[in-house]
Protein chains: 2
Amino acid sequence: MVRPDDADGIAAAWRRERPGTPTESIGVVTRIWQIGKLLADDRARVLAELGIDRGTMDLLSVLRRAGEPYELTTRELTARTLITAGAISQRVARAEAAGLVRRTPGGAGRRAVTVTLTDAGHAEIERTVDRVLTREVELISGLPAERRRQLARELSDLLTDLTDRLGPPARTEI
Amino acid sequence: MVRPDDADGIAAAWRRERPGTPTESIGVVTRIWQIGKLLADDRARVLAELGIDRGTMDLLSVLRRAGEPYELTTRELTARTLITAGAISQRVARAEAAGLVRRTPGGAGRRAVTVTLTDAGHAEIERTVDRVLTREVELISGLPAERRRQLARELSDLLTDLTDRLGPPARTEI
DNA sequence: CCTCCTACGTTTAGGCCTAAACATAAACCG
DNA sequence: CGGTTTATGTTTAGGCCTAAACGTAGGAGG
């Protein structure tokens, strides 16, 4: 197995090939993407074993976290998630077909549709969430608690700064 | 615009709804995904203005960084990228149709296909790379140089640790 | 009231990816 | 040597997403 280029190697290659290329961001940006992909693929594997996909788990998670009575409008779901309204509509349709949520017209807004967790959906997320989060804690356990908290703070500062620069569209997951 | 849940809010919601849920990873993992998505969407916007897509830029970047004579086999491309061999095949086919690369049978390995940057492909990546990287440096300029380097080191440690735990499949981009 | 406008969802077309099936050159081996 | 395995790529089927077109309920304004 070829050892993939590390971020430092990529930056060095650009400077060698094109002296003057601005490379200061690569050490952070590339690694964020690499780590994100490793974690995302691992979660997909865990969920595949449980017979559920990421989109559905994301949906059920948001509803479960909202607390009793476990319902939100489509608009609220869109605002709390990283994806578009159309994708939410499709995710909800799939979850509804699987009996995990229920759609009922009427609710808060003008023409809102309320999405509610069914008992089956509630059971599904209970079955899943600890498995997923326990696995994740295990994955980052190489980082001692204090360094983990420090990293979280630094990422929080970066995220806040980016959000200010780019407008608000950075949303949730799990 | 509804303010999205922040990672701390998500962790707090899980602890409120399900005391005992392991939430220590959320502050790092969720933020990694959020930051990654903000940066990826921004890059997609920059590239859309330049009339090129992320996959193509990624391909041209890897070839350009390889240095003269700007060619790699499909297998090497797969090893240096975050995607599957099938996707590489499709990306190369698209780039070839656009005249940006050339495929020639034969090369290093057993039955290798060599992918070479054409002059048009070379020009395309020259036109693009500074724009993309300059934008990225600007985006993370809220982080002073020393903190940026420290964050890069911490991410590097985390990535190394994750790669060891999960096997080697963490690859490149840009 | 009636019309227009705006908020809210859904549907559709298309893109790109993954996983798996497929094709085949080259090497291995009895 | 000739059959079998292995390394490489490509193709195909299907999934999920985005962007944009499309419906339509309720207000707002005249």
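Residue numbers start from 1 in every chain, and the chains themselves are labelled A, B, ... in the order their sequence lines are given, proteins ahead of strands. Remember, predicted model here, so these are calculated numbers, not experimental data. These numbers come from the heavy atoms of this one structure, side chains and all, not from hydrogens, waters or symmetry mates.
Not counting sequence neighbours, the partners of B:R15 by the side chain to side chain donor-acceptor pair (under 3.5 Å) test are B:T23. Scored by the side chain to side chain donor-acceptor pair (under 3.5 Å) test, A:R18 finds A:T21, B:E126, B:D130 as partners (sequence neighbours excluded). Qualifying side-chain contact (heavy atoms from CB on, under 4.5 Å) partners for A:A97, counting only residues two or more places apart in sequence or in other chains: none.
Side-chain N or O atoms of A:E76 include one that pairs as donor or acceptor with a backbone N or O of A:T73 at under 3.5 Å.
Contact check, B:R94 against C:dC17: a side-chain N or O comes under 4.0 Å of OP1 or OP2. Close to C:dC17, at under 4.0 Å from its OP1 or OP2, lies no side-chain N or O of B:T84.
Between A:I52 atom CD1 and D:dC16 atom P there is a gap of 12 Å when expressed in whole angstrom units. If you measure from atom CG of B:L59 to atom P of D:dG9, you get 14 Å, rounded to the nearest angstrom. As a whole-Å value, the separation of A:E96 CD from C:dG9 P is 14 Å. Rounded to an integer number of Å, the gap from A:I83 CD1 to D:dA19 P is 12 Å. Separating the CG atom of A:D58 from the C1' atom of D:dC17 is a distance of 13 Å, rounded to the nearest angstrom. For B:L72 and D:dG9, the CG to C1' distance is 16 Å, given to the nearest whole Å. Look at CZ on B:R75: it is 17 Å from P on D:dT6, rounded to the nearest Å. Between A:R54 atom CZ and C:dC17 atom P there is a gap of 17 Å when expressed in whole angstrom units.
Here ring pair (Phe, Tyr, Trp, His ring centres under 6.0 Å) pairs that include residues 129-158 of chain A, with residues two or more places apart or in two chains, number zero. Sorted by first then second residue, the salt bridge (Lys or Arg N to Asp or Glu O under 4.0 Å) pairs that include residues 26-35 of chain B, not counting sequence neighbours, are B:D6-B:R31, B:D8-B:R31.
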Seminar exercise, completed: Once base and sugar-phosphate atoms are separated, protein heavy atoms under 4.0 Å mark nucleotides 10-15 of chain D, 5' to 3', with B, S and - as BBB---
